[in-house]
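A short write-up of the structure that comes next.
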Amino acid sequence: LGASDALTLADASDFEYLWGPWQWQNAERVSQRRLYSGGDTQIHQAGLQAMNAVDIINAYVNESYSPGGGAVYPDGEFGDLLKMSAQLIAAEVGVRVFTIDYGDWDTHEGQGNGVGGFFAGQVQTLAQGLSAFYTDLNAKGLSNRMTLVTMTEFGRRVEENGDGGTDHGHAAPMLLLGDNVIGGIHGTFPGLQPEQMFEGIDVEVTTDYRRILSEILIRRMGNPRLGRVFPGYTGYSPLGVVQGADLPPDYSDGVGEIFRDGFEIASADRWSASVG
């Protein structure tokens, strides 16, 4: 449902189309747009998409943006990207899904304890960022159109290692935020006794992340095409984490349905959930 194209953007201030010497920029911009508008090949389409993306970012993402509700985003890339996402959502330029990476959770050593440390700082930045993002959009009347989900590809071990940190784990919690999120703890927590953990050392996986994202996909985005988003995934049933209408899941992969310039591209569809 919708285009599968994605735009990678790390810093709005550095996102630009290089036009040559500044004296020629206006004329060259017009000429380039005429050239790319003169055909319908993939190169023509990509050229126009690049120019349109630059125009949109330059027009709507700037330092004059004022977060709503007195929201204060944390310093650093994570806060900057959340703020930029809020700007684009408020501008209603048509973006449907945002994905933001927040790294440096590999706390093999010096993780910290209950009174502070590296991990505590990471969690504090995460909490401040999510709080600011929600406060901002809520003040602008947009929090009812947003569903945010966090996930990681691995958790952390339960026990501290010899270097005062934790090694790679097995399972990790997912956090959801938004006016349509059904609050509380969902799923099953197996416990922390050795016999309850994976290989006696890790929190056991009890919920397939695809089940959570599929529920968001269906109930919040109205897209039941699970077979194209998660090939091979079947047996979906809602866990009850967000509000919305249920649609019958479609597990077909869509191969053979879409062709462009003689090449089959159906298998290239992607969907990424973090901020949308």
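If you're wondering where the values come from, they're calculated on a predicted model, not measured in any experiment. Any value given below was found using the heavy atoms of this structure, including those in side chains, with hydrogens, waters and symmetry copies removed.
Crowding of N113 atom CG: a count of heavy atoms from other residues, nucleotides or ligands under 6.0 Å exceeding 12. Atom OH of Y102 sits in a crowded spot, with more than 12 heavy atoms from other residues, nucleotides or ligands closer than 6.0 Å. Within 6.0 Å of CD on Q243 lie more than 12 heavy atoms contributed by other residues, nucleotides or ligands.
There is no path of hydrophobic side-chain contacts, each under 4.5 Å, that joins V72 to V123. There is a path of hydrophobic side-chain contacts, each under 4.5 Å, that joins I218 to Y233. V205 and F230 end up in different hydrophobic clusters when Ile, Leu, Val, Met, Phe, Trp and Tyr side chains are linked at under 4.5 Å. Under the 4.5 Å side-chain heavy-atom criterion for grouping Ile, Leu, Val, Met, Phe, Trp and Tyr, V97 is connected to L226 within one hydrophobic cluster.
Here the OH-CD1 distance, from Y36 to I43, works out to 8.0 Å after rounding to the nearest 0.5 Å. Interatomic distance, CD of Q45 versus OG of S37, reported as 11.5 Å (0.5 Å rounding). Here CZ of F133 is found 13.5 Å from NZ of K83. Values are rounded to the nearest 0.5 Å. Atom CG of D40 is separated from atom CG of L48 by 11.0 Å, given to the nearest 0.5 angstrom. With rounding to the nearest 0.5 Å, the separation of CG in N223 from CG in L247 is 9.0 Å. How far CD of Q122 is from CH2 of W105: 5.0 Å, rounded to the nearest 0.5 Å.
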Determine, step by step, whether D136 and Y65 satisfy the side chain to side chain donor-acceptor pair (under 3.5 Å) criterion, reporting the C-alpha distance in whole Å, the side-chain angles of both residues, the deciding distance to 0.1 Å, and the verdict.
CA-CA 11 Å; D136 187 358; Y65 177 73; 2.7 Å; yes
Pair T166, H108 - check side-chain contact (heavy atoms from CB on, under 4.5 Å), show working.
CA-CA 5 Å; T166 52; H108 288 283; over 6 Å; no
Report the C-alpha distance between D167 and I201 in whole Å, list the side-chain angles of each, state the deciding distance to 0.1 Å, and finish with yes or no for side-chain contact (heavy atoms from CB on, under 4.5 Å).
CA-CA 10 Å; D167 298 319; I201 51 178; over 6 Å; no
side-chain contact (heavy atoms from CB on, under 4.5 Å) for T150 and L176? Distances and angles first, verdict last.
CA-CA 7 Å; T150 71; L176 281 81; over 6 Å; no
Test M84 against L9 for side-chain contact (heavy atoms from CB on, under 4.5 Å), laying out the working first.
CA-CA 10 Å; M84 181 176 65; L9 179 61; 3.6 Å; yes
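With hydrogens and angles disregarded, a donor-acceptor distance shorter than 3.5 Å links the side chain of T135 to the backbone of S131. A distance-only check finds a donor-acceptor pair linking the side chain of E215 to the backbone of V242 [under 3.5 Å]. In this structure, Q196 contributes its side chain and F189 its backbone to no donor-acceptor pair below 3.5 Å. Remark: side-chain polar atoms of S143 are not paired, donor with acceptor, to backbone N or O of A139 under 3.5 angstrom. Without hydrogens or angle criteria, D202 side chain to V158 main chain gives no donor-acceptor distance under 3.5 Å. Under the 3.5 Å distance criterion, the side-chain polar atoms of T206 are matched with a main-chain donor or acceptor of T188.
The closest side-chain heavy-atom distance from Q111 to F118 is not below 4.5 Å. Residues L213 and V149 are in side-chain contact: their nearest non-hydrogen atoms beyond the backbone lie under 4.5 Å apart. Using a 4.5 Å heavy-atom threshold, the side chains of M174 and M151 count as touching. Between V181 and V241 there is no side-chain heavy-atom pair separated by less than 4.5 Å. Contact check for V95 versus L7: no side-chain heavy atoms found under the 4.5 Å cut-off. Side-chain contact between Y73 and Q128 is absent, with no heavy atoms from C-beta onward closer than 4.5 Å. Within the 4.5 Å cutoff, the side chain of L142 has heavy atoms near those of the I89 side chain. Looking at L82 and F98, their side chains never come closer than 4.5 Å, going by heavy atoms from C-beta outward.
Taking each heavy atom of Y251 and G235 in turn, the nearest pair found is OH-N, 3.3 Å. Between H186 and L239 the shortest heavy-atom distance is CB-CD2, 3.9 Å. Nearest heavy atoms, A132 versus A71: O-CB, 3.4 Å. Closest approach of T107 and F119 over heavy atoms only: CG2-CD1, 4.3 Å. When all heavy atoms of T152 and A172 are compared, the pair lying nearest together is CG2-CB, 3.4 Å. The shortest non-hydrogen separation linking F15 to T8 is CE1-O, 4.4 Å.
Checking R33 against N52 by side-chain atom types alone, a donor-acceptor pair falls below 3.5 Å. Between the side chains of D106 and H168, at least one donor N or O lies within less than 3.5 Å of an accepting N or O. Side-chain contact annotation: Y236 with D208, donor-acceptor N/O pair under 3.5 Å absent.
In this structure D104 satisfies the side chain to side chain donor-acceptor pair (under 3.5 Å) test with no other residue, sequence neighbours excluded. A search for salt bridge (Lys or Arg N to Asp or Glu O under 4.0 Å) contacts involving E92 returns R145, not counting sequence neighbours.
Ion pairing between a basic and an acidic side chain is recognised when a charged N comes within 4.0 Å of a carboxylate O; R225 and D250 show such pairing. For the pair D246 and R219, the salt-bridge criterion is met [side-chain N within less than 4.0 Å of a carboxylate O].
Using the six-membered ring where Trp is involved, F198 and H170 have ring planes that are parallel, under 30° apart on the 30 and 60° scheme.
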